[in-house]
*Asks:* 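Structure below; questions to follow.
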Amino acid sequence: MSGETRPAELARLAHQNLYGVSRRMVDDQPGGEADDDGQELLYRSAHPLPFLNGVMRLHSRPDAAGLIARAREWFSGRQRPSFVVFARPGDEDADLRRAARAAGMAPVMSYPEMVCEHPVALPALAPGTEIRAVEDLEGARAYWRLCGAAYPSLGFPPDVFDTFTPESLLQTDVAARVCYRDSRPVACAMVTMADEVAMVGWVATAESARRSGLAARITAEVTNLGLERGARLVSLQASPMGESVYAALGYRELFRYRVHLAPAPEG
């Protein structure tokens, strides 16, 4: 792979990974559902949070407006009238962005897709702190409870993670880790393998442990795990809170998703 084509290939792999992991997320949830023809994906989470109910595609197709219309009908029929559309910048999804705007969907966030291709240094752990692999249901429940406590600061409803099953963290293509301080869970992160890529997801830090370097440490841990498992690269979609943390570890931005919101109809 030449240096000129490499960024485009990395972007293709990272996007393909997000597509696969999004499909996997709803497959793992009781009540989740997907409509996937291998090129266009509509996915409905068990929770109505729009961010977890979305539309994306792998490649350009001639009828972006048709995809938006089909998505409106599909989500409405499943009590999810509010959903998001993930669109890449540039020419690949230019028609999808236009179709979303024409349908009244406003861009609500710009989401950096970041990647890392090499192992990263592991920051030191403070005394009394240890990282444990999630290997049983008890550890998996601790993971999702921590996410439920941490993510409301990013605007997530506190019950979102009640829909995520403990079993989803025990699959062979998932590696999850929880950091404990004085035997209490204070940080967590996971990677999901799909299509030669390991995607870091659901990084969380308890409010009492923020700004202590634990988010960086737990992310470095799972980044290296993904590479050890044979991933060509590790990807993530960074929140505003995490973007600088990941950049300091060695992640770099490939592009930014434009996320458009289809609000629920009034009345």
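All values below were derived from every heavy atom in this structure, side-chain atoms included, with hydrogens, water molecules and symmetry-related copies excluded.
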*Asks:* Would you say Arg181 and Glu130 make side-chain contact, with heavy atoms under 4.5 Å?
*Replies:*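 They are not in contact (no side-chain heavy atoms under 4.5 Å apart), so the answer is no.
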*Asks:* Determine yes or no for a side-chain-to-main-chain donor-acceptor pair under 3.5 angstrom, with Ser82 supplying the side chain and Ala262 the backbone.
*Replies:*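 A pair under 3.5 Å: yes.
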*Asks:* Could you check whether any side-chain heavy atom of Glu221 comes within less than 4.5 Å of a side-chain heavy atom of Leu122, counting everything from C-beta outward?
*Replies:*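 Yes; the side chains approach each other to less than 4.5 Å.
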*Asks:* Shared ILVMFWY cluster between Val120 and Val115, side chains joined below 4.5 angstrom?
*Replies:*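 No, Val120 does not connect to Val115 through the hydrophobic network.
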*Asks:* Can you tell me how far apart CZ (Arg12) and CZ (Arg88) are? Round to the nearest 0.5 Å.
*Replies:*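 So the gap between those two atoms works out to 11.0 Å.
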*Asks:* Using side-chain heavy atoms (C-beta onward) and a distance below 4.5 Å, is Arg23 in contact with Asp27?
*Replies:*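 Yes, side chains in contact.
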*Asks:* How far apart are the closest heavy atoms of Gly90 and Arg97, and which atoms are they?
*Replies:*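 Scanning both residues, the minimum pair turns out to be O-NH1, 3.1 Å.
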*Asks:* Quickly, which of Leu233, Thr219, Thr223, Asn224 forms a side-chain contact (heavy atoms from CB on, under 4.5 Å) with Cys116? Name it, please.
*Replies:*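 Going through the options one by one, the only one that passes is Thr223.
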*Asks:* Would Tyr180 end up clustered with Leu214 when hydrophobic side chains under 4.5 Å apart are linked, directly or stepwise?
*Replies:*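 Different clusters.
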*Asks:* Might you confirm whether atom CD of Glu73 has over 12 heavy atoms from other residues, nucleotides or ligands at distances under 6.0 Å?
*Replies:*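 No, CD of Glu73 has 12 or fewer neighbouring heavy atoms, counting only those of other groups under 6.0 Å.
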*Asks:* Could you tell me if the side chain of Thr192 sits less than 4.5 Å from the side chain of Arg24, heavy atoms only?
*Replies:*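 They are in contact (side-chain heavy atoms under 4.5 Å apart), so the answer is yes.
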*Asks:* Tell me if a side-chain donor or acceptor on Arg44 pairs with a main-chain N or O of Val26 at a distance below 3.5 Å.
*Replies:*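 A pair under 3.5 Å: no.
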*Asks:* Do Val191 and Val178 belong together in a cluster built from hydrophobic side chains that touch within less than 4.5 Å?
*Replies:*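 Looking at the clustering, Val178 is in a separate group from Val191.
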*Asks:* Are Tyr143 and Met190 close enough that some pair of their side-chain heavy atoms sits under 4.5 Å apart?
*Replies:*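 Heavy-atom side-chain distance check passes, below 4.5 Å.
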*Asks:* Grab the two heavy atoms, one from Gly104 and one from Pro263, that are nearest each other, plus how far apart they are.
*Replies:*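 Smallest heavy-atom distance, with atoms named: O-CD, 4.4 Å.
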*Asks:* Return the OG to CZ distance between Ser183 and Arg132, rounded to the nearest 0.5 Å.
*Replies:*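 The OG atom of Ser183 sits 5.5 Å away from the CZ atom of Arg132.
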*Asks:* Is Val197 close to Gln16 at the side-chain level, that is, under 4.5 Å between some pair of heavy atoms?
*Replies:*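 In short, these two side chains do not touch, never coming nearer than 4.5 Å.
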*Asks:* Once you round to the nearest 0.5 Å, how far does CG of Leu18 lie from CE of Met25?
*Replies:*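 Answer for the CG-CE pair, Leu18 versus Met25, is 9.5 Å.
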*Asks:* Check the pair Val84, His260 against side chain to side chain contact (heavy atoms under 4.5 Å, CB included), reporting the backbone distance first and the verdict last.
*Replies:* CA-CA 5 Å; Val84 295; His260 293 70; over 6 Å; no
*Asks:* For the pair Arg80 (side chain) and Ala46 (backbone), establish whether a donor and an acceptor sit closer than 3.5 Å, ignoring hydrogens and angles.
*Replies:*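 Such a contact is found between Arg80 side chain and Ala46 backbone.
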*Asks:* For Leu170 and Glu135: C-alpha separation, side-chain torsions, deciding distance, then whether side chain to side chain contact (heavy atoms under 4.5 Å, CB included) applies.
*Replies:* CA-CA 6 Å; Leu170 304 178; Glu135 297 177 325; 5.6 Å; no
*Asks:* Linking I/L/V/M/F/W/Y whenever any side-chain heavy atoms sit under 4.5 Å apart, do Val186 and Trp144 land together?
*Replies:*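 Cluster IDs for Val186 and Trp144 differ.
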*Asks:* Assess whether a salt bridge exists between Asp95 and Arg61, defined as any Lys/Arg side-chain N lying under 4.0 Å from an Asp/Glu carboxylate O.
*Replies:*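 No, Asp95 and Arg61 are not salt-bridged.
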*Asks:* For Ala215 versus Val245, what's the shortest heavy-atom pair and its separation?
*Replies:*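 Heavy-atom minimum between the residues: C-CG1, 4.4 Å.
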*Asks:* Strictly below 4.0 Å, N to O, side chains only: are Arg258 and Asp93 in salt-bridge contact?
*Replies:*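 No salt bridge links Arg258 with Asp93.
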*Asks:* Between Ile218 and Ala189, which heavy-atom pair has the shortest distance, and what is it?
*Replies:*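 Nearest heavy atoms, Ile218 then Ala189: CG1-N, 3.7 Å.
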*Asks:* Kindly compute the distance separating CE (Met199) from OG (Ser22), expressed to the nearest 0.5 Å.
*Replies:*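 Interatomic distance, Met199 CE to Ser22 OG, rounded to 0.5 Å: 6.5 Å.
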*Asks:* Please determine which of Tyr257, Tyr111, Phe255 meets the ring-ring contact (aromatic ring centres under 6.0 Å, His included) test together with His15.
*Replies:*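 So the option named by the test is Tyr257.
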*Asks:* For the CZ atom on Arg184, are there more than 12 heavy atoms of other groups (residues, nucleotides or ligands in this structure) within a distance under 6.0 Å?
*Replies:*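 Counting neighbours around CZ of Arg184, 12 or fewer heavy atoms of other residues, nucleotides or ligands fall under 6.0 Å, so no.
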*Asks:* Would Cys188 and Cys147 count as a side chain to side chain contact (heavy atoms under 4.5 Å, CB included) here? Give the steps.
*Replies:* CA-CA 8 Å; Cys188 62; Cys147 287; 3.9 Å; yes
*Asks:* Are more than 12 heavy atoms, taken from residues, nucleotides or ligands other than Asp37, located less than 6.0 Å from that residue's CG atom?
*Replies:*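 Atom CG in Asp37 is crowded, with more than 12 foreign heavy atoms closer than 6.0 Å.
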*Asks:* Run through the side-chain heavy atoms of Ile, Leu, Val, Met, Phe, Trp and Tyr, join any pair under 4.5 Å, and report what else lands in Met105's cluster.
*Replies:*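 In the cluster with Met105 are Leu42, Val55, Leu67, Ile68, Trp74, Phe75, Phe83, Val85, Leu96.
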*Asks:* Report the C-alpha distance between Arg70 and Asp35 in whole Å, list the side-chain angles of each, state the deciding distance to 0.1 Å, and finish with yes or no for salt bridge (charged side-chain N to carboxylate O under 4.0 Å, His left out).
*Replies:* CA-CA 11 Å; Arg70 181 166 69 88; Asp35 181 333; 3.3 Å; yes
*Asks:* What are the two closest heavy atoms between Ser60 and Glu92, and how far apart are they?
*Replies:*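 Looking at all heavy atoms of both residues, the shortest contact is OG-O, 2.5 Å.
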*Asks:* Answer yes or no: is there a donor N or O on one side and an acceptor on the other, between the side chain of Arg217 and the main chain of Ile131, under 3.5 Å?
*Replies:*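 Judged by distance alone, no pair lies under 3.5 Å.
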*Asks:* Is the backbone of Ala103 close enough, under 3.5 Å, to the side chain of Arg72 for a donor and an acceptor to pair up by distance?
*Replies:*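 Looks like yes, one N/O pair under 3.5 Å.
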*Asks:* Under the side-chain hydrogen bond (donor to acceptor under 3.5 Å, both in side chains) rule, what do Glu207 and Ser153 come out as? Steps first, then yes or no, please.
*Replies:* CA-CA 9 Å; Glu207 286 195 47; Ser153 64; 5.5 Å; no
*Asks:* Evaluate the side chain to side chain contact (heavy atoms under 4.5 Å, CB included) criterion for residues Leu227 and Val234: first the C-alpha distance (whole Å), next the side-chain angles of each, then the deciding distance (0.1 Å), finally the verdict.
*Replies:* CA-CA 7 Å; Leu227 294 168; Val234 183; 3.7 Å; yes
*Asks:* Quick check: is Phe161 connected to Leu137 through a chain of hydrophobic side chains (ILVMFWY, heavy atoms under 4.5 Å apart)?
*Replies:*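 Yes, one cluster joins them.
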*Asks:* Within a strict 4.5 Å, meaning less than it, do heavy atoms of the Leu49 and Phe156 side chains meet?
*Replies:*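 Side-chain contact under 4.5 Å: yes.
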*Asks:* Any salt bridge linking Arg57 with Glu40? Criterion: basic side-chain nitrogen under 4.0 Å from a carboxylate oxygen.
*Replies:*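 Judged by the 4.0 Å cut-off on N to carboxylate O distance, Arg57 and Glu40 do not form a salt bridge.
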*Asks:* I need the Glu113 CD to Arg252 CZ distance, nearest 0.5 Å.
*Replies:*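 So the gap between those two atoms works out to 11.0 Å.
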*Asks:* Once you round to the nearest 0.5 Å, how far does CZ of Arg78 lie from CD of Glu33?
*Replies:*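 Between atom CZ of Arg78 and atom CD of Glu33 there are 4.0 Å.
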*Asks:* Taking CD in Glu167 as the centre, count heavy atoms belonging to other residues, nucleotides or ligands within less than 6.0 Å. Is the count above 12?
*Replies:*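 Yes.
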*Asks:* How far apart are the closest heavy atoms of Met241 and Arg210, and which atoms are they?
*Replies:*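 Of all heavy-atom pairs spanning Met241 and Arg210, the closest is CE-NH1, 4.3 Å.
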*Asks:* Could you tell me whether the side chain of Asp195 and the main chain of Asn17 form a donor-acceptor pair under 3.5 Å?
*Replies:*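 Not a single qualifying donor-acceptor pair exists.
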*Asks:* Under 6.0 Å between ring centres: does that hold for Phe86 and Tyr19?
*Replies:*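 Aromatic pair excluded; centres sit 6.0 Å or further apart.
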*Asks:* How about Val200 and Tyr251: do any of their side-chain heavy atoms sit closer than 4.5 Å?
*Replies:*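 Sidechains of Tyr251 and Val200: in contact.
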